[in-house]
Each structure stands twice: as structure tokens, then as C-alpha cells.
Amino acid sequence: SQNTREYTVSSGLSAPVFTWMYHKTREEKYRVIARNALRWVVGTFTEDGRIPYIFAGYSDPGLTGNFSNDYWLWDHDPNTCSAYVGEGIVGFDVHCGNPEWQNELRAKIKPHIEWLLRTQRSNGTWGIMDSHDQKRTPLIINFLSWYYRHVGGDTRIVQAIRRYDEHLRLPENAKFYGMMSFGAGPR
């Protein structure tokens, strides 16, 4: 039975919040909460680097062979998990101020970086176009950029970012991400 408080996205996103609270208060308990949240998330990664979408009431990694459960774990929002967990990792790494913790986390995320590079579509995107999951993928670029600058200068990351950038240069593609809009004003 799964702990009802487990939620991959929330755990990933809580890390920069608690890291910020640590910076504001200098209370170590906040930095520890951030670290523990990310340690839990990274501990859920599969060997090939996938992040399961663990969400109480919808998916349980301990339950296998159930179509609905498997859908929620692996197919519902794989790139949303990558995007939000990546934001959590970046925020924590940049601001946690503990090199030992930073190195521990950096050493464990390479399989996920490899998964991102393997699953990028030929047009430079991740996910199914115009899906909820795909709309969160711009955050993956932030994560890959951080990884390249702070962890490992893998040239495949530069190529992946360039493919994504080329995709966004076309106005019809940029619109899928909310770019190229005229805002709330008259057209």
C-alpha cells in the first residue's frame, strides 16, 4: 500500500520552495525537507531513467498488471514529471549550498538525462503535440541547460536544445506553447 502523501510532481516542486525557505530563515530543517523530497523522487527512477507519475489514488508503483494504474504511472504525464522534477532539481542544486548534497543528486540523475535524450522526438519536442503533457516540456530545456553547464558538458544536450529551438522558430509551432499571442488586447 502506498503512502497517501506520495506525489511525484509535488515532491519535485517542493524542493525549491523549501530551499527558498532555508535561505530566508537559515533554518536547516527546510533544506533537509528539500533534500529528502528529491531523494525520494530520484529513488523512484527506473533503471532506464523514467520517472513514474506517482499520485495517490491514481497510481501505485507496487501494483503491476493493472491497465489504469500502469497508464497513470508510465503514460499519463511522463514529460510533466521530467519538467517539474527537473525544475525542483535545478532550484535545489543552485541554491542548497551543500556541495555533498549537490554531488549526491547530480550523480543519480544521469539515467534520467539519458532518457530525455532518447525520447526527444525528431522534430525536437517531447510528448504528443498539443497535449497537457507536451505543454510542460519547455521546462525540460531549462533542466538540460542546467545539466550541461553544471554537471556534464555532453554535446548531445546542445544538439537536443538546438532541435527544440528550431521547432519553436516556426510561428505555428510556437503558438502551441502560448508564444506568438497578442495577449488580452484587441487584435
Side-chain angles (χ1 to χ4, degrees), residues 1-19 33-93 105-106 108-147 156-157 160-161 163-165 167-168 172-179 181:
S1 172
Q2 146 181 341
N3 181 335
T4 58
R5 299 183 309 168
E6 291 178 346
Y7 180 32
T8 312
V9 170
S10 178
S11 294
L13 287 175
S14 71
V17 172
F18 284 103
T19 304
I33 291 169
R35 178 189 188 205
N36 288 341
L38 289 176
R39 287 175 97 187
W40 175 77
V41 171
V42 170
T44 69
F45 289 11
T46 62
E47 259 185 49
D48 73 346
R50 291 187 79 181
I51 304 173
Y53 187 83
I54 299 170
F55 188 28
Y58 292 93
S59 59
D60 180 344
L63 178 65
T64 58
N66 175 289
F67 176 80
S68 178
N69 184 71
D70 291 348
Y71 168 77
W72 278 92
L73 274 175
W74 306 116
D75 299 320
H76 175 65
D77 279 334
N79 298 295
T80 295
C81 286
S82 297
Y84 289 145
V85 168
E87 285 297 291
I89 290 170
V90 170
F92 178 78
D93 183 82
L105 184 62
R106 289 174 178 186
K108 292 180 179 179
I109 61 172
K110 183 159 180 56
H112 184 62
I113 298 298
E114 292 293 333
W115 182 82
L116 287 171
L117 294 173
R118 274 194 318 275
T119 60
Q120 186 181 33
R121 297 170 59 159
S122 61
N123 68 358
T125 64
W126 287 267
I128 298 167
M129 283 304 289
D130 205 25
S131 69
H132 168 85
D133 187 48
Q134 179 265 332
K135 296 235 188 249
R136 274 107 188 115
T137 61
L139 295 174
I140 291 173
I141 296 302
N142 295 344
F143 186 35
L144 290 174
S145 296
W146 162 83
Y147 188 88
R156 295 174 303 153
I157 292 173
I161 292 169
R163 277 192 300 274
Y164 188 78
D165 185 54
H167 177 77
L168 289 183
E172 61 271 19
N173 294 338
K175 286 180 184 180
F176 280 109
Y177 297 92
M179 299 175 189
S181 103

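Because only heavy atoms are used, hydrogens play no part in the values below, and waters and symmetry mates are left out as well, while side chains stay in.
Pairing each heavy atom of P16 with each of G88, the nearest pair is CD-CA, 3.5 Å. Counting all heavy atoms, side chain and backbone alike, T80 lies closest to R136 at OG1-CD, 3.6 Å. Residue F143 comes nearest to S82 through the heavy atom pair CD2-O, 4.3 Å, listed as atom of the first residue, atom of the second, then distance. Closest approach of I128 to Q134, counting heavy atoms only: O-CB, 3.0 Å. Contact detail for S14 and A37: the closest heavy-atom pair is OG-CB, 3.5 Å. Nearest heavy-atom pair across W126 and Y164 is CZ3-CD1, 3.9 Å.
Between the side chain of S59 and the main chain of Y53, a donor-acceptor pair closer than 3.5 Å is present. Without hydrogens or angle criteria, W72 side chain to F55 main chain gives no donor-acceptor distance under 3.5 Å. A donor-acceptor pair under 3.5 Å is absent between the side-chain atoms of T19 and the main chain of F92, judged by distance alone. The backbone N or O of D48 lies less than 3.5 Å from a partner atom in the side chain of R118, making a donor-acceptor pair. In terms of modelled atom types and a separation under 3.5 Å, the side chain of S11 and the main chain of T8 share no donor-acceptor contact. In this structure, N69 contributes its side chain and D60 its backbone to a donor-acceptor pair below 3.5 Å. At distances below 3.5 Å, not a single donor-acceptor pair connects side-chain atoms of R50 with backbone N or O atoms of P78. N79 places no side-chain N or O within donor-acceptor distance of the main-chain N or O of T137, the cut-off being under 3.5 Å. Side chain of R121 to main chain of G127: a donor-acceptor pair is present (N/O by atom type, distance under 3.5 Å, no hydrogens or angles).
More than 12 heavy atoms of other residues, nucleotides or ligands lie within 6.0 Å of CG in L63, so this atom counts as buried by the packing criterion.
Contact annotation: the side chain of L73 approaches that of I54 to within less than 4.5 Å [non-hydrogen atoms, C-beta and beyond]. Here the side chains of D165 and I141 are not in contact, with every heavy-atom distance at 4.5 Å or above.
Here I140 contributes atom CD1 and I161 contributes atom CD1; the two are 11.5 Å apart, rounded to the nearest 0.5 Å. Of the inter-residue distances, the one linking L168 atom CG with R163 atom CZ reads 13.5 Å to the nearest 0.5 angstrom. For the atom pair N123 CG and N173 CG, the distance stands at 7.5 Å (nearest 0.5 Å). Atom-to-atom distance recorded for R106:CZ and W146:CH2 is 5.5 Å, nearest 0.5 angstrom. The distance from atom CD1 of I51 to atom CG of D77, rounded to the nearest 0.5 Å, is 12.0 Å.
No side-chain donor from either of S131 and D133 sits under 3.5 Å from a side-chain acceptor of the other.
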Take D75 and D70 through the test side chain to side chain contact (heavy atoms under 4.5 Å, CB included) and record every step on the way to the result.
CA-CA 7 Å; D75 299 320; D70 291 348; 6.0 Å; no
Assess whether side chain to side chain contact (heavy atoms under 4.5 Å, CB included) is satisfied between I89 and V41, documenting all intermediate values.
CA-CA 10 Å; I89 290 170; V41 171; over 6 Å; no
Report the C-alpha separation of F18 and R35 in whole Å, then their side-chain angles, then the decisive distance to 0.1 Å, and conclude whether the side chain to side chain contact (heavy atoms under 4.5 Å, CB included) test is met.
CA-CA 9 Å; F18 284 103; R35 178 189 188 205; over 6 Å; no
Assess whether side chain to side chain contact (heavy atoms under 4.5 Å, CB included) is satisfied between T46 and W74, documenting all intermediate values.
CA-CA 11 Å; T46 62; W74 306 116; 3.3 Å; yes
